[in-house]
Amino acid sequence: MTRKQKRGVFIGFIFAAAALGVFAVLASLNSAIAYFYTPSDLQKLAKPPAGVIRLGGLVKQGSVAYPGGSTTVQFVVADKFAQTRVTYNGILPDLFREGQGVVVEGKLEPDGSVEASQVLAKHDEKYMPKELADALKKQGVWQEKNAPHS
Amino acid sequence: MKTFLAIILRDVTLGFRAGGGATQAAMFFALVSLVFALAIGPEPARLSALAAPILWAGALLSALVSLDRIFQSDYEDGTLDVLVETADLLELRVLAKAAAHWLSSLLPLIVAVPLFALLLNLPVEGYWPLLASLLVGTPALSLIGALAAALTLALRRASILVSILAAPLYAPALIFGVGAAEAGAAGAPSFVPTLLLVAASSLFALVFAPLAGAAAIRFNMS
Amino acid sequence: MNAALESRPDRQSRLAYRASLSLRAVSVSRAGRRVLAGVTFDLSPGEAIILKGANGSGKTTLLRAIAGFLPAENGAIEVQSGESTRSSASDRRACIAYCGHADAVKAPMTVRENLSFWARLYGAPERRIAEALASFALQALADTHAGALSAGQRRRLGLARLVIAAKPIWLLDEPTSSMDAASSARLVALIENHRREGGAVLIATHDRIEIEGARNFVLEALETA
Amino acid sequence: MIADLANPERFERFVKPFWLTASALAVILLALGFYFGLFHSPADYQQGDTVRIMYVHVPAAMMSMACYTAMAVASIVGFVWKHPLADVAAKASAPIGAVFTALALVTGSLWGKPMWGAWWVWDARLTSELILFFIYIGYIAIWEAVDDKIRAARLAAIVAIVGFVNIPIIKFSVDWWNSLHQGESIFRRGGPTIDGSMLLPLFLMIGAYMMVYAALLVPAMKNELSARRIARLERMGGVSGVRPE
């Protein structure tokens, strides 16, 4: 092969590799590679993962409870199709509240609930003065759109 | 193609001869795994959860410590002059050197992975996903490493700089590699897509490492 | 060209083609400082030039610039072979064999393994390995690890690459360093043979080297600053 | 004309008006930005006063990527056209960009603790921004390690160009992966999701950071140009020519 032919083949090879790489990225983006599992993901797992997992979803309205008045808090993390119970003993972040997105880190118990070692609140990209939010709520045009950004 | 194979063959041969360092990379890998296991303690559940990340990190560190071998000795003894002089495409020479590094430093270590996985108590379901992610992802380590080595080949005591340059670019292969190994072990549906991202890391490295590495060598030879 | 080479059995015609080198007002900089300026000379087939000059005068820089490892800032470095003029670094290399300070010898490999690796790189036929061994009397050492060679023997092995490369223009940087008289004589004989075949040689050296009809050049500081 | 600017004095004379303007604007915008950000903007309906960290954090994160982009573009110019001014601009951008990156990471961390409940999480946005910081370090390190400044410029340019792949990853990480970090809130389809009263201090601070970059870049470039000239003068050795003996 002359040098020119070699260069041609090499450039073709480079483009093929790049195209394959882009294809691999696009193919993988179709299915979410998450920082966390959603409750439905957990249900779909063939085998419960060992060790620490992350679970993301919304804190179900009315599910937060402090059994025995202790610092231990129980709540339910839900997505559209499934929900998971979470137990946590520790300090909750400021943004934690019902209806808010959270990411919970902890161990999956045999009964399907999660024993959390850390609770992270997910903030959405909405920034609004408190007064405005209150006013909107009063006028009834407020919409709960705090679902985690997907 | 014949010269391409000749370079790989020579480098692999040199790697396995006395003082070649291929065995050193494997021993370093064993050492890293052992140190992690000792530090984490004997509790089987903790070890088995961390087995895949430890082995991936071990592979990455073994790659890092063996990088300065890729071009340094050829530069010092003048072989690189000959390699450049006879090259129709310097990019292919870089590719050959990276391939040789993978074959002599990383492949033996991947072969040894099942043994260390056993010592670290990796669950049986985790073996194939871990091996698959290592096979698909470690070429990125050699390719990016060859680029970092090419950038620093004219510097004495460059081994730390090589690591500083290579390590940030290793992040995707490591993150997705461990992710794929763990997803596979858990039987999660994200196994294949994550493995595709590992493959993408290697493929993109295959695109830019030879080009950038050849440019770096040209500048370093002048 | 390679085919033509293979078809000729006689050892005399190792060289498949001739080439001449010409430098026109070449200047070269390293690390932002101009090292060489206005270098002009020709090297025709059959010729030899011995280049002298103090340490740091730029002998190695000039040789590496001609070999295409570092770019000429100004001027033209051209290799003329047959009808074609080669001015780019990569085109020039097809006609040039460069032996630098370092021998390019791998210590863990035997002498023969070193030679056969080069033969692969240069696309040279197997028989040239034997020729290379013979030209520097290395036959007895063929299966010795290069790491066990003395400095002079290593140098000989390094220069045996010239026989393998079979390029018309040789650029030799301090070829006789750490060589004994007999080895130097062998090198001179090799150079003479190369010139008879139509090859050209440019040698940068401090040592005395007796080459018949060689032109002597000196690299020295220019007056103008 | 452009080549002449590689001379430090001429460079200084030429850019002085720009530098003075940028410095003055930086001071004014920073003062205004802090005033509005701290005293004259509302607390967020969810984050309360912690939202004010955004006015330091978001511009720092933007500039960490903008500096890198400037550095990569200058590197390409220096690589292709071999112009010393481009090399110097790329080199001078790196430490500024690294500081912006560190600032973004630190302020993000300060915000993350009360809001998310963690100083640091390994999600895609945070990880890729941290990698950006290490790429800056690598870039600076190779400049430090190579003595020959021309060669250093070419090698560092390779690092900068290869490392640029990280920039789109940072930018789109929140869209591609389920990250803990919130999504894009300014440059998004359908307009910003930030209330106007908060956008004003944010934009003031973004402008201020840009001016800070310009104001720091110019003296850094001038220093580098002078250092190069001194190095060149020190190295003034003989120029050799060839003559027949």
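The chains referred to below are lettered A, B, ... by the order of the sequence lines, with proteins before strands, and numbering in each begins at 1. Keep in mind that what you see is a predicted model, and the values were worked out from it rather than measured.
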Look at T40(C), L62(C), L36(C) and state which one has the largest set of heavy-atom pairs under 4.5 Å with chain D.
->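 Winner by heavy-atom pair count: L36(C).
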So which part of [X] gets closer than 4.5 Å to some heavy atom of chain D, the side chain, the backbone, both or neither?
X: L51(C); result: side chain
X: V218(C); result: both
X: T61(C); result: neither

More than 12 heavy atoms of other groups within 6.0 Å of W111(D) CH2 =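 Atom CH2 in W111(D) is packed in, count exceeds 12.
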Using 30° and 60° as the class limits, which term best fits the ring planes of W170(C) and H194(C): parallel, tilted or perpendicular?
-> parallel
Over 60° means perpendicular and under 30° means parallel, so classify the ring planes of W120(D) and W122(D), tilted if in between.
-> perpendicular
Y68(D) ring center within less than 6.0 Å of Y139(D) ring center | no
Side chain, backbone, both or neither: which part of R243(D) has a non-hydrogen atom closer than 4.5 Å to chain C?
-> both
State, with a plain yes or no, whether a side-chain heavy atom of S183(C) is found less than 4.5 Å away from one of F136(C).
->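 No, their side chains stay 4.5 Å or more apart.
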